[in-house]
There are 2 protein chains.
Amino acid sequence: MKRQVTLDEVAERAGVSRSAASRVINNAPHVSKAKRDAVQRAVSDLGYVPNATARALATQQVGAVVLAISSDNPQVFADPFFAEVATGVNSVLEETELELVLQLATTTRGQTRLEQVLRTRQADGVMLMSMHGDDPIAQLAEESDVPVVFGGTPISFEPRYYVDADNRGGARLATEHLVETGRSRIATITGRMDEGAGMARYKGYQEALAMAGLDARRVGYGDFSEESGGRAMEQLLAEHPDLDAVFVASDQMAIGAMRVLKDAGRTIPGDVAIVGFNDVALARHTEPPLSTVSQPIQSLGREMARMLLALIAGESPTPLILPTRLVKRQSS
Amino acid sequence: MKRQVTLDEVAERAGVSRSAASRVINNAPHVSKAKRDAVQRAVSDLGYVPNATARALATQQVGAVVLAISSDNPQVFADPFFAEVATGVNSVLEETELELVLQLATTTRGQTRLEQVLRTRQADGVMLMSMHGDDPIAQLAEESDVPVVFGGTPISFEPRYYVDADNRGGARLATEHLVETGRSRIATITGRMDEGAGMARYKGYQEALAMAGLDARRVGYGDFSEESGGRAMEQLLAEHPDLDAVFVASDQMAIGAMRVLKDAGRTIPGDVAIVGFNDVALARHTEPPLSTVSQPIQSLGREMARMLLALIAGESPTPLILPTRLVKRQSS
DNA sequence: TTGAAAGCGCTAACAA
DNA sequence: TTGTTAGCGCTTTCAA
């Protein structure tokens, strides 16, 4: 076990006191040029790298932030959505000295750990994704002394600091597009209504139809999964056989719905037009290619990280809502 | 800034010495039942949570492992492959006290940081993914005092500890399947040949054809990306217009290749049979659905984590190769 | 501009 | 079975 080079060794080698060496390392003032140079030479001669743990203990700063994903589904992270968020987060953290700790709070253990982080400052900041329903963690996070930024908004309250996509606006855009292309019996398949995104997309659908003076009561309920999309579509078809378009709150569900529609002998977009949400890679490859609402997922991650950095720096950033846009393909 | 509850406070409250309290916390022996109870009560009364940083400094163990992804492409993590690996890794780490730190070493800064971790033990262990070519990090990692397990094998050497999928076997399986279904002019589109997986899949293709006594010289070179698959297919079509099957080293490339084949008026699998590799979600949704080689990605992550834990515990685990299997769909 | 010294909160060796 | 004590490697007053 190779012992590490300590600050004392650097100081000795450079012939200065440890405090002087420390000042140089953290380039603080009050050090003469001569000593500064001597220390720097010693550092590179010895290959000195500060011990992060010791520094953390002394400064009471951890040097790490947590990206937490709270969900009951252990597979969440396999969702390309989160992977992209993580990429965005990482890209801004890479410019700093902060480490990125991943905390998937899917099991009770994970939850507990996240709670402890929040209560006892085991991290300099936390980014919290995917709160559904009245997740108690969300409340705890909002009240914690640790800086927290939310990704997406929980339904039970509006956090002080969050970054979200304009889900409502995106859903309106999609639904308005269906109206403009001449559809009049427009249904929707919702996502989980206990998640902010699910609810917001549903509201956007309602708004658009209300403004067009159309009936917004053709609704099937899903949970964002492909399978639930299929089920909801079957039910819609049974209850509203006259529908001529569907706004589906996720691409996965849209894929399930398209399958059911084809099986029922309906053509897309001839008989029924479809618009999805998220613009996952798959959307380009369905048959026909899926029109969908695209959200800037990486930016979401980047902005969350930036906001957290601002918070840690003692600033008071304002919440951010990122724009979504409609991507027209052949399914509508 | 709420101050944290210290061990001293617990000790005082319980009326015992700090060392006794410490022993209870780490449930070490040599504490009477009475004191043990007293301490436990104090802990829950005060809501004491040990300070991880202080503990790390005292024990010289960091309490965290890093999952490092070394690549020149900042988007790597958006690849569903890594997301799944991460899910697997997390699932076993969740059972331990170890944190999971994510280190995407795409930029120079990231690389440097990873180097420092390796050199100066800023983590208790490292899992290293996606080494391509003669990445110097790989060598450094292999020689590091820090326990390291590789995910996949670099081409330049065989690490002491690694988990890999049976890429070669999978490629053989796929190619043999093409032979068995009566194809005789079988081409391949390779992945990056400076990655272990790319090379192994190519070798598997060669082996299978050699054993069948067929010509293995219809080869197009790609880099795993969809676009490169398309280009390679175009070139293959130009050079070997008689081909009747293609083993493609990744599903993404297979998708690109299928597009080109269709544009060229070839039917799939009528004129040309296709088999991909990886079994990404997309493979189920192509037209026709893509036959492919499936590898247990989450298991890969889980086994990497398990192996690292073993290493940290001072054991000497043996490398692991996880089986792959052929998934037959309509493209072959 | 400099250095001595007192922590940060915990663990572990040692003595009692 | 107990408690005392000396660190872990760094930062940061404070006095010189």
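Just so it is clear: chains get the letters A, B, ... in the order the sequence lines come, proteins before strands, and each one is counted from 1.
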Separation of atom [atom1] in [X] from atom [atom2] in [N], rounded to whole Å:
X        : N      : atom1 : atom2 : answer
B:Arg18  : D:dG3  : CZ    : P     : 12 Å
A:Asn51  : C:dG9  : CG    : P     : 17 Å
B:Leu57  : C:dG7  : CG    : P     : 17 Å
A:Asn26  : D:dT12 : CG    : P     : 7 Å
B:Gln122 : D:dC10 : CD    : C1'   : 13 Å
B:Arg23  : D:dG3  : CZ    : P     : 9 Å
B:Leu46  : C:dG9  : CG    : C1'   : 15 Å
A:Arg55  : D:dT12 : CZ    : P     : 10 Å

Can you name the nearest heavy-atom pair linking B:Pro319 to B:Met307, along with the distance?
-> CA-CE, 4.0 Å
Compare the minimum distances between each of [options] and the side chain of [X], then state the nucleotide with the smallest one.
X       : options              : value
A:Ser32 : C:dT2, D:dC10, C:dG9 : C:dT2
A:Ser17 : C:dG3, C:dG9, D:dG9  : C:dG3
A:His30 : C:dG9, D:dG3, C:dT1  : C:dT1

Would you mind telling me which residue lines up with the more 5' stretch of DNA chain D, A:Ile25 or B:Ala58, judged by nearest nucleotide?
->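 With A:Ile25 and B:Ala58 compared, the 5'-side residue is B:Ala58.
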So what does [X] touch, heavy atoms closer than 4.0 Å: a base, only the sugar-phosphate, or nothing?
X       : result
A:Thr59 : sugar-phosphate
B:Pro50 : sugar-phosphate
B:Ser19 : base

Kindly say if [X] contacts the phosphate of [N], meaning a side-chain N or O under 4.0 Å from OP1 or OP2.
X       : N      : result
A:Lys33 : C:dT1  : no
A:Ser22 : D:dT11 : yes
A:Gln60 : D:dT11 : no

Over 12 foreign heavy atoms within 6.0 Å of CD, B:Gln116 =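 Enclosed.
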Say whether B:Arg302 and B:Ser299, considering side chains only, have a donor N or O and an acceptor N or O under 3.5 Å apart.
-> yes
So CG of A:Leu128 and CG of A:Leu118: to nearest 0.5 Å the spacing works out to 7.5 Å
Spacing of OG1 belonging to B:Thr107 relative to CZ belonging to B:Arg109, to within rounding of 0.5 Å = 7.5 Å
